[in-house]
Trainee: 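Here it is: the structure, laid out below.
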Amino acid sequence: MYIKGTPDYSRDGEKRETGLFAGLISNDGEMRQTKNGKNYATASVRAFNRQDGSAVFMTLKTFNESTAAVLSNLRKGDRVLVAGTVETDEYNGKSYTTMMVDFLLTADEIPSMPTANADPFAALNNRVNAAFGAPVEEEGELPF
């Protein structure tokens, strides 16, 4: 399932579409390299169906090292939850959709029943902190 997000804006004021995808990987993830030698990972998902019955596939792409390691190891049928910015490009009369992954969560990372005194969200918190940075400690009372 693909959910179109609210618009986001780059530092230059350029409007970017955001989105959320929850579903299955349709093509195995793989690690690739740019011409300049920078590593990135890709995988493909079936984002949604069109009214005519055809499917829209979306390529997931990330340059973040920790997210790339996870994305490149995903296999067809693995369940994921992904958030990021969405880009659509035209090439030879076809439309291609790519989501630049900001956040990736796999089914294996969703907490199950916790054991006594265990934090079921510890692994998830570590992934969120790696993706977005550790939470900032409060310095006192809020001004409102």
Trainee: Does Glu30 have more than 12 heavy atoms from other residues, nucleotides or ligands lying within 6.0 Å of its CD?
Mentor: yes
Trainee: Can you tell if the side chain of Phe57 reaches within under 4.5 Å of the side chain of Val45, non-hydrogen atoms only?
Mentor: no
Trainee: Using modelled atom types and a 3.5 Å cut-off, is there a donor and acceptor pairing between side-chain atoms of Asp78 and backbone atoms of Arg75?
Mentor: yes
Trainee: Above 12 or not: heavy atoms from other molecules or residues under 6.0 Å from CD of Gln33?
Mentor: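 Yes, CD of Gln33 has more than 12 neighbouring heavy atoms, counting only those of other groups under 6.0 Å.
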Trainee: Apart from Phe63 itself, which Ile, Leu, Val, Met, Phe, Trp or Tyr residues share its cluster (side-chain heavy atoms under 4.5 Å, direct or through members)?
Mentor: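 Same cluster as Phe63: Tyr40, Met100.
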Trainee: Side-chain contact test, heavy atoms from C-beta onward, threshold under 4.5 Å: evaluate it for Leu104 versus Thr62 and give yes or no.
Mentor: no
Trainee: Could you state the interatomic distance from NZ (Lys38) to CD (Glu65), rounded to the nearest 0.5 Å?
Mentor: 8.5 Å
Trainee: Hey, does Val70 have a side-chain heavy atom less than 4.5 Å from the side chain of Thr106?
Mentor: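 The answer is yes; the side chains approach within 4.5 Å.
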Trainee: Less than 4.5 Å apart, side chain to side chain, heavy atoms only: is that true for Tyr9 and Glu14?
Mentor: no
Trainee: State whether the side chain of Thr67 and the backbone N or O of Asn64 hold a donor-acceptor pair below 3.5 Å, judged by distance alone.
Mentor: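 No: the side chain of Thr67 does not pair with the backbone of Asn64.
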Trainee: Can a donor-acceptor pair be found between the side chains of Asp52 and Ser54 at a distance below 3.5 Å?
Mentor: yes
Trainee: Check salt bridge (charged side-chain N to carboxylate O under 4.0 Å, His left out) between Asp8 and all other residues, then give those that pass, not counting sequence neighbours.
Mentor: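 Applying salt bridge (charged side-chain N to carboxylate O under 4.0 Å, His left out) to Asp8 gives Arg16.
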Trainee: Is a donor on one side and an acceptor on the other found under 3.5 Å between the side chain of Thr18 and the backbone of Thr6?
Mentor: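 Checking the backbone N and O of Thr6 against the side chain of Thr18, a donor-acceptor pair under 3.5 Å is found.
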Trainee: Are Leu81 and Leu20 close enough that some pair of their side-chain heavy atoms sits under 4.5 Å apart?
Mentor: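 A side-chain contact under 4.5 Å exists here.
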Trainee: Backbone N or O of Thr42 within a donor-acceptor pair of the Arg32 side chain at under 3.5 Å?
Mentor: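 No, Arg32 side chain to Thr42 backbone: no donor-acceptor pair under 3.5 Å.
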Trainee: Using the side chain to side chain contact (heavy atoms under 4.5 Å, CB included) criterion, which residues pair with Ala43? Sequence neighbours excluded.
Mentor: Ile25, Leu71
Trainee: Give a yes or no answer on whether the side chain of Ser26 reaches the backbone of Ser44 with a donor-acceptor pair at less than 3.5 Å.
Mentor: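 Between the backbone of Ser44 and the side chain of Ser26 there is a qualifying donor-acceptor contact (under 3.5 Å).
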